[in-house]
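All values below were derived from every heavy atom in this structure, side-chain atoms included, with hydrogens, water molecules and symmetry-related copies excluded. Residue numbering restarts at 1 for every chain, and letters A, B, ... go by the order of the sequence lines.
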Protein chains: 2
Amino acid sequence: MAYQESLAALADPTRRAVYEALVRGPKPVGGLARGVDVSRPAVSQHLKVLREAGLVGVKPKGASNIYHAEKDGLVALKRYLDGLWGDVLQAFADEIEREKDD
Amino acid sequence: MAYQESLAALADPTRRAVYEALVRGPKPVGGLARGVDVSRPAVSQHLKVLREAGLVGVKPKGASNIYHAEKDGLVALKRYLDGLWGDVLQAFADEIEREKDD
DNA sequence: ACTTACCGTAAGTCATGGCTTACCAAGAAT
DNA sequence: ATTCTTGGTAAGCCATGACTTACGGTAAGT
């Protein structure tokens with residue numbers, strides 16, 4: 001749920017690939033594993049990290065678990081970056097001011 | 001310059017701390033090192049990663065190197081997340097539609 | 001000129017984490 | 001009831017990467 005976890009979760013390429021697949025629509029673990037070139041257990045582990053970051057959620061559907069993208073983790077990350085963005089703009093403005101002193 | 005590098009760069013806590021310090025204003029390497037509990041060379045290595053991601057830039061000022069936040073890397077990351085966000089909303093909309101079929 | 005401050009790079013150490021195989025549990029199907 | 005599919009967890013391996021110390025190089029101060 002915290003932006004730090006979203007950041008760490010999305011930093012890994014294959015985990016990001018799994019997430020991007022889910023962003024296009026809900027899918028079972030097996031389906032996700034087929035889209036990536038790692039084993040199915042590896043995908044399960046990635047899903048755990050994504051789940052703890054609030055980026056995805058699960059709904060059991062019989063024997064299979066259907067994963068889907070969740071808003072929370074992404075919103076947290078977007079908010080964090082927007083905060084940084086504001087500060088960066090401020091820093092730029094400050095620098096313009098400073099350059100007037102020559 | 002690519003969002004992948006920004007993601008990887010900001011995923012590390014101490015590197016993120018260095019970046020956040022720069023976002024509040026330009027600083028020399030030594031000053032940055034004093035704000036974090038790792039050695040100065042470690043900070044230099046983090047700055048290299050941040051620089052390659054387009055998140056920071058340098059301006060030599062005499063003997064010291066003044067680092068500052070750069071827009072490019074952050075913009076790239078924000079764009080990527082906005083794309084994801086759009087897809088997530090679409091996926092949610094699709095799911096609402098699907099639930100009408102019961 | 002010599003020393004001191006500032007910084008980047010090299011080499012080596014060590015922990016983190018991503019991957020695999022093996023195993024186990026639960027639901028579907030026959 | 002047994003088999004087959006689906007998937008989470010455990011244990012172990014191994015590469016990546018974050019950190020340290022040591023070194024070299026340039027600019028400023030005296």
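A donor-acceptor pair under 3.5 Å is absent between the side-chain atoms of K78(B) and the main chain of L81(A), judged by distance alone. Under a 3.5 Å cut-off, the side chain of R15(A) and the backbone N or O of L10(A) do not form any donor-acceptor pair.
Relative to the side chain of S44(A), the nucleotides dG7(D), dT9(C), dG8(C) differ in distance, and dG7(D) lies closest. Taking only side-chain atoms of S64(B), from C-beta outward, the nucleotide of dC6(C), dT20(C), dG8(C) with the closest atom is dC6(C).
Rounded to whole Å, atom P of dG8(D) lies 11 Å from atom CD1 of I66(A). Regarding L50(A), its CG atom lies at a distance of 15 Å from the C1' atom of dG8(D), rounded to whole Å. To the nearest angstrom, P of dA22(D) lies 15 Å from CD of Q45(B). Taking atom CG on L10(A) and atom P on dG17(C), their separation rounds to 16 Å, with Å as the unit. Going from atom CG of D12(B) over to atom C1' of dC19(D) covers 11 Å, rounded to whole Å. Atoms NZ (K48(B)) and P (dG8(C)) sit 11 Å apart, rounded to a whole Å. The separation between L47(A) atom CG and dG7(D) atom C1' is 10 Å, rounded to whole Å. Rounded to whole angstrom, the span from the NE2 atom of H46(B) across to the C1' atom of dT20(D) amounts to 12 Å.
Residues L22(B) and H68(B) are not in side-chain contact: their nearest non-hydrogen atoms beyond the backbone lie 4.5 Å or more apart.
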- request: Spell out protein contact along nucleotides 22-30 of chain C as letters: B when the base is contacted, S when just the sugar-phosphate is, - when no protein heavy atom is under 4.0 Å; keep the 5' to 3' order.
  value: B----SS--
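Contact annotation: N65(A) reaches the phosphate of dG8(D) (side-chain N/O to OP1 or OP2, under 4.0 Å).
Closest of all the heavy-atom pairs between V56(B) and L47(B) is CG2-O, 4.1 Å. Taking every heavy atom of both residues into account, V88(B) and A69(A) meet most closely at CG2-CB, 4.2 Å.
Contacts between residues 25-39 of chain A and DNA chain D, counted as heavy-atom distances below 4.0 Å, involve P28(A), V29(A), G30(A).
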